Amino acid sequence: MSEKIKIVIADDQELIRDSLKIVLSSNPDMEVIDTVEDGREVIRSVRAEKPDVILMDVRMPKMDGVSCTKIIKENYPQIKIIILTTFDDDEYVYNALKHGASGYLLKGVSMAELSSAIRTVYSGKAMINPDIAVKVVRLFSQMAKGNYTIQVDDRNVDAISRTEWKVIQQVGYGRSNKEISMELNLSEGTVRNALSSILSKLDLRDRTQLAIWAVQTGVTTRNLDRMQE
């Protein structure tokens, strides 16, 4: 059997920690290696245990899940983080994703959905609750109209191909790589390669910046079918 996914659970409620550990440990491909109650303990655990995935409550004492996500992703970028919360809060959604969380799920999801999300982020993909994804797109729009501006050199824009423009548009809609591949009839590998190329050409850090830029520049409202390659 292949190696198990090593998981750390971070939540300030003991009942939730214990329940998640029992349920997730019943999956033959998962192992809960630690449970902790605040952000500082998460960092200690990460140093000692080197987990693959962290389930992170957003509101914890001493250090919240968003701040903890930022620190962990800066020092251990390979570790995947799923933010778990009962708070359907725009600001937390944006900040958790901005700092590198791979997913954001409300605590009401089923254990089957949570297990699936863990497998998804472990494989390198993003997993976001559909309700949250809509809010993130709305937040991108608000930021695009505000003072959060993404600057891109015009000369770099000229290097973008027609296919890449279509991928950019889809990212601006808040769609996942899988959704983009289905919409544009491309393989997921082609979408990933296109995204990598786009970020490199535009000198952007991640798809969050790309999505905001797409909204700011009106790419999301253009008819790209008339565009020449």
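None of the values given here were measured: they were computed from a predicted structure. Atoms considered below: every heavy atom in the structure, side chains included; atoms not considered: hydrogens, waters and symmetry mates. One is the number of the first residue; the rest follow in order along the sequence.
Between N177 and the choices R192, R207, E188, the side chain to side chain donor-acceptor pair (under 3.5 Å) rule is met once, by R207. When each of L114, L15, V32, D11 is tested with L20 by the rule side-chain contact (heavy atoms from CB on, under 4.5 Å), just one qualifies, namely L114. Here the rule is side-chain contact (heavy atoms from CB on, under 4.5 Å) with I198, and of V171, N156, V167, N193 only V167 fits it.
Of all heavy-atom pairs spanning E164 and S197, the tightest one is OE2-OG, 2.8 Å. The shortest non-hydrogen separation linking P51 to V46 is CD-CA, 3.9 Å. Of all heavy-atom pairs between G39 and C68, the closest is O-SG, 3.5 Å. Closest of all the heavy-atom pairs between V66 and D64 is N-OD1, 2.9 Å. Nearest heavy atom pair, residue S181 against residue S187, reads CB-C, 3.9 Å. Smallest separation of non-hydrogen atoms from T120 and S123: O-OG, 2.7 Å.
R119 places a side-chain heavy atom less than 4.5 Å from the side chain of M30. A 4.5 Å side-chain heavy-atom check between D12 and D38 finds every atom pair outside the cut-off. Under the 4.5 Å side-chain criterion, counting only non-hydrogen atoms from C-beta, L186 is not in contact with I180. L105 has its side chain out of reach of L55: every pair of non-hydrogen atoms, C-beta onward, lies at least 4.5 Å apart. Side-chain atoms of V191 and L184, non-hydrogen and from C-beta on, never get closer than 4.5 Å to each other.
Looking only at distances, no side-chain donor or acceptor of D57 sits under 3.5 Å from a matching main-chain atom of A10. The main-chain N or O of S102 is never found under 3.5 Å from a side-chain atom of K80 such that the two would form a donor-acceptor pair. Judged by distance alone, with hydrogens and angles left aside, the side-chain atoms of E31 form no donor-acceptor pair with the main-chain N or O of K6 at under 3.5 Å. Looking only at distances, no side-chain donor or acceptor of S200 sits under 3.5 Å from a matching main-chain atom of S196.
By the 6.0 Å contact criterion, NZ on K178 is open, its count of non-hydrogen atoms from other residues, nucleotides or ligands being 12 or less. Residue-environment remark: CG (D18) exceeds the threshold of 12 foreign heavy atoms within 6.0 Å. Around the NZ atom of K21, the shell of radius 6.0 Å holds no more than 12 heavy atoms that belong to other residues, nucleotides or ligands. Enclosure of atom CG in D158 by more than 12 non-hydrogen atoms of other residues, nucleotides or ligands within 6.0 angstrom is indicated.
Considering CD of E14 and OG of S19, their distance stands at 10.0 Å, rounded to 0.5 Å. The distance from atom CG of D206 to atom CD1 of I212, rounded to the nearest 0.5 Å, is 8.5 Å. Within the model, atoms CD1 of I72 and CE of M56 stand 4.0 Å from one another, a figure rounded to the nearest 0.5 Å. In this structure, I43 CD1 and Y76 OH are separated by 9.0 Å, a value rounded to the nearest 0.5 Å. If you take CD1 on I33 and OG on S25, they are separated by 11.0 Å, rounding to the nearest 0.5 Å. Between L24 atom CG and I7 atom CD1 the span is 5.0 Å, to the nearest 0.5 Å.
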- Query: Is there a side-chain contact (heavy atoms from CB on, under 4.5 Å) between I81 and H99 once you walk through the steps?
  - Reply: CA-CA 10 Å; I81 298 174; H99 294 318; over 6 Å; no
- Message: Between R162 and K166, is the side-chain contact (heavy atoms from CB on, under 4.5 Å) condition met? List the steps.
- Response: CA-CA 6 Å; R162 182 184 174 198; K166 289 189 172 185; 3.6 Å; yes
- Item | Derivation and outcome, side-chain contact (heavy atoms from CB on, under 4.5 Å), residues R175 and Q170 | CA-CA 6 Å; R175 288 178 177 150; Q170 295 295 315; 2.5 Å; yes
- Task: Under the side-chain contact (heavy atoms from CB on, under 4.5 Å) rule, what do I71 and M63 come out as? Steps first, then yes or no, please.
- Result: CA-CA 11 Å; I71 291 169; M63 181 188 293; 3.7 Å; yes
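Hydrophobic clustering, with ILVMFWY side chains joined whenever heavy atoms are under 4.5 angstrom apart, keeps M182 apart from L195. Under the 4.5 Å side-chain heavy-atom criterion for grouping Ile, Leu, Val, Met, Phe, Trp and Tyr, I22 is not connected to M111 through any hydrophobic cluster.
Electrostatic pairing of D153 and R155 counts as a salt bridge here, judged by a charged N lying under 4.0 Å from a carboxylate O.
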